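Everything numeric here is computed off the predicted structure, so don't read it as measured data. Chain A is the first sequence line, chain B the second, and so forth, proteins listed ahead of strands; every chain is numbered from 1.
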Protein chains: 2
Amino acid sequence: MRYSHKLSDAVHILAYIEIYHEGDLSSTAIAQSIESNPGLVRRLMAALRSAGLLATQQGTATPTLTRAPAAISLLDIYRAVEPDATLLHVDDKTNPQCIVGGNIQDTLRVAYDQVQRAAEDQLAAITLASLIADIWHRQHEKERGDA
Amino acid sequence: MRYSHKLSDAVHILAYIEIYHEGDLSSTAIAQSIESNPGLVRRLMAALRSAGLLATQQGTATPTLTRAPAAISLLDIYRAVEPDATLLHVDDKTNPQCIVGGNIQDTLRVAYDQVQRAAEDQLAAITLASLIADIWHRQHEKERGDA
DNA sequence: CTTGTTGTTACTTAAAAAGTAACATGATTG
DNA sequence: CAATCATGTTACTTTTTAAGTAACAACAAG
């Protein structure tokens, strides 16, 4: 609610579809896992579909990934669901008559682009496959701990 | 939520104080350069002061940097003005009964931390001095172009 | 045909940032 | 000292974006 959880929820959806691919993949079932509502799930799935990451069929709860999880990066998902994919934002209303106000926008844009690139490089290095593997790893550790 | 310009405005303030250190450094003058209002400027200056980056004296418009611009990084400023300095946010309301919902929070936290570190390394590599130099550079190019 | 699901859109609510205003406190100057 | 101006601080309003909610058409399957 406060900050955007769209990336987190989108990863959740994709991981859910992979892990429960034999089970109920309805937006209602996924929404229960996210503790959210089916409308939000369907909206995120629409964004993932537009980005070419997900295939769906209207009327049936049969979503499938279009690529192997190892070929889907966090950056792919991030760009799919965040319309404004920039992490830092320049104040685009500064006084052009002032030495600072007249130049700082371009100055900061270059600086922020460098930060953005560093973050995106890291996002690109993390695959959905590695996230799913980590989820399984944590799950197995829990089950071992319970025994 | 609106996008935050606090980092951009805070850099603006510090650059302004350096570049116009002989001129009018009142919050009103700075606010005109940002095309904002004195209250916002004073609030950001309070955050910069709390972070030890800025020294001010109540009643007088005489703010000064506590360190050389080369010793102040974008990361320093970012942490000073952004109370929640995290760029990506985990959805902390997921169903613990589900394999995905019960583990994805920790999984994503690790992944997001890696992205955060990459971004912060880049923020730390950019100094206020280099930003000010770039502002001057652009200003001089403009003046050359006008002649 | 009936039921259930997706796809889509409109609307409402919530949260964070920016804008605004007011005022106490401190400094400066005539 | 009094007037003026600046900062420091706080409360409140407005704006913006995401999440929550609801409704319904289109499609699939029994």
d(CG, B:L54; C1', D:dT7) in whole Å: 12 Å

Sugar-phosphate, base or nothing in reach of A:L44, heavy atoms under 4.0 Å: nothing

Hphob cluster co-occupancy, A:Y3 + A:L74, side-chain heavy atoms under 4.5 angstrom: no

Sub-4.0 Å heavy-atom contacts from residues 57-64 of chain B onto DNA chain C, ordered by number: B:Q57, B:Q58, B:G59, B:T60

Partners meeting side-chain contact (heavy atoms from CB on, under 4.5 Å) with A:Q32 (sequence neighbours left out): A:T28

Distance, rounded to the nearest Å, where A:I13 contributes CD1 and C:dG7 contributes P: 12 Å

Check: B:V100 main-chain N/O paired with B:N103 side-chain donor or acceptor under 3.5 Å: no

Any B:S27 side-chain nitrogen or oxygen under 4.0 Å from OP1 or OP2 of D:dA6: no

Qualifying residues under side-chain hydrogen bond (donor to acceptor under 3.5 Å, both in side chains), relative to A:N37, sequence neighbours excluded: none

B:D134/B:R138 salt bridge by N-O under 4.0 Å criterion: yes

Counterpart residues, side-chain contact (heavy atoms from CB on, under 4.5 Å), relative to A:A55 (two or more places apart): A:T64, A:T66

Less than 3.5 Å apart, which donor and acceptor atoms pair up between the side chains of residues 5-17 of chain B and the rest of the protein, not counting sequence neighbours?
{"from": "B:S8", "atom 1": "OG", "to": "A:H89", "atom 2": "O", "distance (Å)": "2.9"}
{"from": "B:S8", "atom 1": "OG", "to": "A:Y112", "atom 2": "OH", "distance (Å)": "2.8"}
{"from": "B:H12", "atom 1": "NE2", "to": "B:S33", "atom 2": "OG", "distance (Å)": "2.6"}

Interatomic distance, A:L25 CG vs C:dG7 P [rounded to whole Å]: 13 Å

Side-chain donor or acceptor of A:H140 paired with backbone N/O of A:W136 under 3.5 Å: yes

Nearest-Å distance for atom pair CG/P, residues A:L48 and C:dT8: 13 Å

Using nucleotides 17-23 of chain C, report all nitrogen or oxygen pairs with the protein that are shorter than 3.5 Å.
{"from": "C:dA18", "atom 1": "OP1", "to": "B:H5", "atom 2": "N", "distance (Å)": "2.5"}
{"from": "C:dA18", "atom 1": "OP1", "to": "B:K6", "atom 2": "N", "distance (Å)": "3.3"}
{"from": "C:dA18", "atom 1": "O4'", "to": "B:R2", "atom 2": "NH1", "distance (Å)": "3.4"}
{"from": "C:dG19", "atom 1": "OP2", "to": "B:S36", "atom 2": "OG", "distance (Å)": "3.0"}
{"from": "C:dG19", "atom 1": "N7", "to": "B:R43", "atom 2": "NH2", "distance (Å)": "3.2"}
{"from": "C:dG19", "atom 1": "O6", "to": "B:R43", "atom 2": "NH1", "distance (Å)": "3.4"}
{"from": "C:dT20", "atom 1": "O4", "to": "B:R43", "atom 2": "NH2", "distance (Å)": "3.1"}

Short side-chain N/O contact from A:T56 to OP1 or OP2 of C:dG7, under 4.0 Å: yes

